[in-house]
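Structure first, then comments.
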Amino acid sequence: MGISSKAEIHPSAVIEEGAQIAAGCKVGPFSLVGPQVVLHEGVELKSHVVVTGDTEVGEDTVIFPFSVIGEIPQDLKFKGEASKLIIGKRNRIREGVTMNCGTEGGGGVTKVGDDGLFMHGCHVAHDAQIGDHVILVNSVAIAGHCIIEDHVIVGGLSGVHQFVRIGKGAIIGALSMVTNDVIPYGLVQGPRAQLDGLNLVGLKRSGVAREDITALRAAFQMLAQGEGSFMERSKRLGEESDSSYVQDIVEFVLGNSDRSFLTPQ
């Protein structure tokens with residue numbers, strides 16, 4: 001692809017040899033684009049942005065000043081092996097955000113989906129897998145190897161422990177430290193984060209049918225107070241409910257995990 005003649009590049013920007021910049025891209029003052037970087041059509045880098053490493057940025061993504069995208073992992077085991085960062089389409093990456101490439105031990109790829117909003121000072125660590133329509137509020141820290149599924153919101157100044165999974169549609173309150181997996185559509189809050197209910201506001205805003213919300217309420221109640229272990233209750237849910245939303249929870253709980261779960265209080 002090379003550098004398109006239809007890209008707008010400020011004279012003070014540094015574009016290293018080998019970078020690929022598509023038509024419609026804008027690279028602002030004092031920004032740096034590394035030699036392995038691919039900027040797809042319509043990407044905009046504001047001033048003082050660093051995009052480096054083996055990094056691909058999807059169409060119409062905008063990256064704001066003082067963000068550092070694609071640098072090496074903050075992992076002492078990293079020895080310079082080949083690794084990547086792949087960012088999807090139409091993301092808004094605000095001021096001071098950092099996103100790192102992957103590591104050999106984590107599969108070598110950090111991946112960010114489409115249509116995300118990453119507010120000031122967020123960090124996405126090595127080998128994290130971020131879904132579509134994710135919102136990370138100011139100063140959120142996502143540790144290495146985390147999986148953040150679609151439509152998740154993480155409140156400001158929260159941290160997510162390495163290897164934790166957060167299921168789709170979940171919401172994490174501000175100032176939370178999330179150390180275990182969060183079920184889909186869960187509501188988590190508190191300094192030592194606890195599963196405190198369902199993300200009912202998010203479900204309603206998404207237009208989820210009343211009968212599905214009712215099924216989710218019943219499922220949550222069973223997970224909280226049913227007989228047997230949390231895993232046993234989840235398996236029983238899968239057998240007793242035909243709601244696709246409840247099945248999302250069951251599949252998540254029965255899936256592979258390196259952590260335990262936040263369970264209903």
Testing the basics here: between [X] and [Y], what is the closest heavy-atom pair and its distance to 0.1 Å?
X: G28; Y: A13; value: O-CB, 3.7 Å
X: F78; Y: G102; value: CE1-O, 4.0 Å
X: H151; Y: V134; value: N-CG2, 4.3 Å
X: Q189; Y: S176; value: CA-OG, 3.7 Å
X: T55; Y: G70; value: OG1-CA, 3.3 Å
X: L85; Y: N100; value: CD1-O, 4.1 Å

E104 atom CD, neighbour heavy-atom count above 12 within 6.0 Å: no

More than 12 heavy atoms of other residues, nucleotides or ligands under 6.0 Å from NZ of K26: yes or no?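 Atom NZ in K26 is not packed in, count stays at 12 or less.
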
Using the rule given for side chain to side chain donor-acceptor pair (under 3.5 Å), can you reason through E251 versus Q247, listing the C-alpha separation, both sets of side-chain angles and the distance that settles it, and then say yes or no? CA-CA 6 Å; E251 291 172 10; Q247 291 300 324; over 6 Å; no

Distance from D242 atom CG to E240 atom CD, nearest 0.5 Å?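 D242 atom CG to E240 atom CD measures 11.5 Å (nearest 0.5 Å).
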
Would you give the length of the straight line joining atom CD of E95 to atom OG of S47, rounded to the nearest 0.5 angstrom? 9.5 Å

Before you tell me yes or no, could you show the steps for I93 and I87 under side chain to side chain contact (heavy atoms under 4.5 Å, CB included), namely the whole-Å CA-CA distance, both residues' side-chain angles and the distance that decides it to 0.1 Å? CA-CA 10 Å; I93 300 173; I87 298 172; 4.2 Å; yes

Mind checking whether F163 and H145 have parallel, tilted or perpendicular rings, split at 30° and 60°?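 Geometry flag for H145 against F163: parallel rings.
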
Over 60° means perpendicular and under 30° means parallel, so classify the ring planes of F252 and F261, tilted if in between. perpendicular

Apply side chain to side chain contact (heavy atoms under 4.5 Å, CB included) to C146 and I166, showing your working. CA-CA 8 Å; C146 288; I166 299 181; over 6 Å; no

Run the side-chain contact (heavy atoms from CB on, under 4.5 Å) test against Q194 and tell me which residues pass, sequence neighbours left out. Q265

Donor-acceptor contacts, no H, no angles, side chain residues 112-122, under 3.5 Å, sequence neighbours left out:
residue, atom, partner, partner atom, Å
D114, OD1, K89, N, 2.8
D115, OD1, R90, NE, 2.8
D115, OD2, R90, NH2, 3.1

What residues join F66 in its hydrophobic cluster, counting side-chain heavy atom gaps under 4.5 Å, either direct or through other members? none

Does this structure show an ion pair linking R165 with D181, if we count only N-O contacts that are shorter than 4.0 Å? yes

